Amino acid sequence: MAASLNSFLFFVAILVYTSYAQNGLNLPIRKDATTLQYYTTLEMGSTRATVNAVIDLGAQFFWFDCDNYTSSTYVPIPCGSQKCELAKGSGCIGCNMPPRPGCTNDTCGASAYNPFQDVLVSQGFEEDTLYSKDHVEVPQFPYACMNTRFSEGLASGTSGILGLARTEISLHKQVANKFNLPDKFSLCLPSSGLGKLYVGGGSSSKSDVSKSLITTPLIINPVSTAPIYTVGDPSDEYFINVQSIRIHGEPLAFVKAASDMKIKSVDAVAPFRACFSSSTISATATGPSVPIIELVLRGNDVSWKIYGANSMFAVNKNVICLAFVDGGSSPRTSTIVGAYQLEDNLLEFDLVSSQLRFGSSLLVQNKTCSRL
């Protein structure tokens with residue numbers, strides 16, 4: 001499943017890291033109102049520089065703009081090293097300026113990808129200490145330095161991408177390996193307020209929401225969807241087996257079901273194809289009262305219900321559209337569940353048992369990501 005529509009050498013310090021990390025790593029998630037991107041805040045290096053990074057379930061690792069980044073604790077990863085191979089590094093990076101983060105010689109070249117520019121750049125791969133706002137320290141955390149000119153397209157105030165893909169150098173895998181925690185993470189994207197990213201275990205929710213989650217297998221797509229790959233590489237993204245799609249419990253077209261509810265169709269507004277008059281749709285606790293979309297998954301009575309809050313997007317005060325777009329004649333995958341569809345849904349990715357635990361909209365339980 002990919003997100004679209006629209007991430008210390010002192011002995012006593014190591015003991016402290018381990019103690020803190022027993023409870024996992026908590027990071028806040030915010031939504032940028034202009035770009036509709038979701039981002040988190042962390043700190044890096046000896047100066048504990050604040051980095052706001054856009055979260056990407058399909059990105060292979062962490063990269064950020066290092067042009068103004070200084071740290072006395074960064075360590076370049078040598079080209080040809082085992083860590084470079086782990087990152088699938090390509091070639092060596094050099095620099096004819098004084099050494100600094102992002103400017104070192106004989107350094108592993110990591111393929112940093114900015115999906116908002118559709119640009120792939122070989123950048124210096126390094127390690128430094130990552131700090132979370134709740135004081136967890138992750139030593140020797142790998143990242144790539146990106147130049148400012150290749151960071152365009154990101155939400156205002158952000159300077160990088162935090163990768164959460166199924167790789168050895170993603171955030172969750174690094175935390176799991178360094179602190180002997182299960183390779184699991186949970187994600188709750190907010191419609192407003194603060195959401196949550198919890199790494200190193202199950203859900204960070206203190207409510208009983210996690211007890212009601214449904215489980216479905218995560219499957220491996222044998223064809224890579226990465227910007228650069230070798231033939232035969234599996235995809236690093238997350239996929240589930242959707243066996244069918246139902247509208248209001250029946251295999252109908254959405255527009256037909258909407259018409260049956262006396263919802264009036266209007267002219268489409270690009271990029272959407274099915275749009276409706278807002279005045280003919282009433283409001284409910286789960287968003288606009290429209291046909292419920294069910295993704296029918298493998299297993300008895302297992303389905304992901306998408307309510308109006310996640311299926312409809314208001315383009316203006318009079319028109320609301322079905323928030324799905326055509327993938328074109330050559331789609332990368334058959335169906336992509338976008339970030340908008342994930343808002344106010346608690347998701348738990350268990351890479352140990354290769355399962356996804358999910359619950360249809362928190363709004364059904366009168367909760368949101370910011371109120372978990």
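Heavy atoms only: backbone and side chains are in, while hydrogens, waters and symmetry mates are out. All of these numbers come straight from a predicted model, not from anything done at the bench.
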- Any chance you could lay out the disulfide bond (SG atoms under 2.5 Å apart) test for C108 and C79, step after step, and finish with the verdict? CA-CA 4 Å; C108 179; C79 45; over 6 Å; no

- Task: Test R273 against D326 for salt bridge (charged side-chain N to carboxylate O under 4.0 Å, His left out), laying out the working first.
- Result: CA-CA 8 Å; R273 288 192 170 186; D326 191 329; 2.9 Å; yes

- Message: For K83 and E168: C-alpha separation, side-chain torsions, deciding distance, then whether side-chain contact (heavy atoms from CB on, under 4.5 Å) applies.
- Response: CA-CA 10 Å; K83 289 183 177 179; E168 293 296 318; over 6 Å; no

- Message: For F358 and W304: C-alpha separation, side-chain torsions, deciding distance, then whether ring-ring contact (aromatic ring centres under 6.0 Å, His included) applies.
- Response: CA-CA 8 Å; F358 68 95; W304 184 333; 5.0 Å; yes

- May I have the step-by-step check of disulfide bond (SG atoms under 2.5 Å apart) for C66 and C145, ending in yes or no? CA-CA 5 Å; C66 293; C145 276; 2.1 Å; yes

- Item | Audit row: C188, L346, side-chain contact (heavy atoms from CB on, under 4.5 Å) steps and yes/no | CA-CA 5 Å; C188 203; L346 179 61; 4.3 Å; yes

- Message: Checking T73 against T129 for the side-chain hydrogen bond (donor to acceptor under 3.5 Å, both in side chains) test, could you report, in this order, the C-alpha distance in whole Å, the side-chain angles of both residues, the deciding distance, and whether it holds?
- Response: CA-CA 8 Å; T73 53; T129 306; 4.8 Å; no

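Linking Ile, Leu, Val, Met, Phe, Trp and Tyr whenever their side-chain heavy atoms come within less than 4.5 Å puts L351 and L347 in one cluster. Residues F254 and V242 share a hydrophobic cluster, clusters being chains of Ile/Leu/Val/Met/Phe/Trp/Tyr side chains in contact below 4.5 Å. Linking ILVMFWY residues whenever their side-chain heavy atoms come closer than 4.5 Å, directly or via other members, places L154 and F61 in the same cluster. When the side chains of ILVMFWY residues are joined at heavy-atom separations under 4.5 Å, either directly or via intervening members, V296 and L356 end up in two distinct hydrophobic clusters.
Annotation: side chain of S159 is in contact with side chain of V51 (closest heavy-atom distance under 4.5 Å). Within the 4.5 Å cutoff, the side chain of Y38 has heavy atoms near those of the P190 side chain. No side-chain heavy atom of N241 sits under 4.5 Å from any side-chain heavy atom of L297.
Judged by distance alone, with hydrogens and angles left aside, the side-chain atoms of S46 form a donor-acceptor pair with the main-chain N or O of S72 at under 3.5 Å. A donor-acceptor pair under 3.5 Å is absent between the side-chain atoms of D350 and the main chain of K184, judged by distance alone. A donor-acceptor pair is defined here as one N or O able to donate and one able to accept, closer than 3.5 Å; no such pair exists between the side chain of N310 and the backbone of S361. Judged by distance alone, with hydrogens and angles left aside, the side-chain atoms of T47 form a donor-acceptor pair with the main-chain N or O of T70 at under 3.5 Å.
Residue pairs meeting the salt bridge (Lys or Arg N to Asp or Glu O under 4.0 Å) criterion with at least one member in residues 57-75, sequence neighbours excluded, do not occur. Residue pairs satisfying the salt bridge (Lys or Arg N to Asp or Glu O under 4.0 Å) criterion with at least one member in residues 239-253, sequence neighbours excluded, are listed as follows: R246-E294.
Using modelled atom types and a 3.5 Å distance limit, the side chains of Q60 and T167 yield no donor-acceptor pair. Between the side chains of E127 and Y74, no donor-acceptor pair of N or O atoms lies under 3.5 Å. No donor-acceptor contact under 3.5 angstrom links the side chains of S111 and S122, judged on distance only. Side chains of D344 and S191: a donor-acceptor N/O pair is present below 3.5 angstrom, by distance only.
Aromatic pair F62/F64: ring centres closer than 6.0 Å.
Counting non-hydrogen atoms of neighbouring residues, nucleotides and ligands closer than 6.0 angstrom, the CG atom of N180 reaches no more than 12 such neighbours. The environment of R298 atom CZ is sparse: at most 12 non-hydrogen atoms of other residues, nucleotides or ligands sit within 6.0 angstrom.
The CD1 atom of I55 lies 11.0 Å from the OG1 atom of T158; values are rounded to the nearest 0.5 Å. Between atom CG of residue D260 and atom NE2 of residue H248 there is a gap of 8.5 Å, rounded to the nearest 0.5 Å. Here the CG atom belonging to L187 is positioned 5.5 Å from the CG atom belonging to L57, to the nearest 0.5 angstrom.
Using a 4.0 Å cut-off between charged nitrogen and carboxylate oxygen, R166 and D236 do not count as a salt-bridge pair.
Members clustered with Y307: I292, V364, by chain and number, using a 4.5 Å side-chain heavy-atom cutoff among hydrophobic residues.
The two residues V136 and G24 come nearest to each other via the heavy atoms CG2-O, 3.8 Å. Nearest heavy-atom pair across S71 and P101 is N-CG, 4.2 Å. Heavy atoms only, all atoms of each residue included: T107 and G124 are closest at CG2-CA, 4.0 Å. When every heavy atom of L363 is checked against every heavy atom of A285, the shortest pair comes out as CB-O, 3.5 Å. Minimum heavy-atom separation, I240 to P217: CG2-O, 3.7 Å.
In this structure, F272 and F313 have tilted ring planes: the angle between them lies in the 30° to 60° band.
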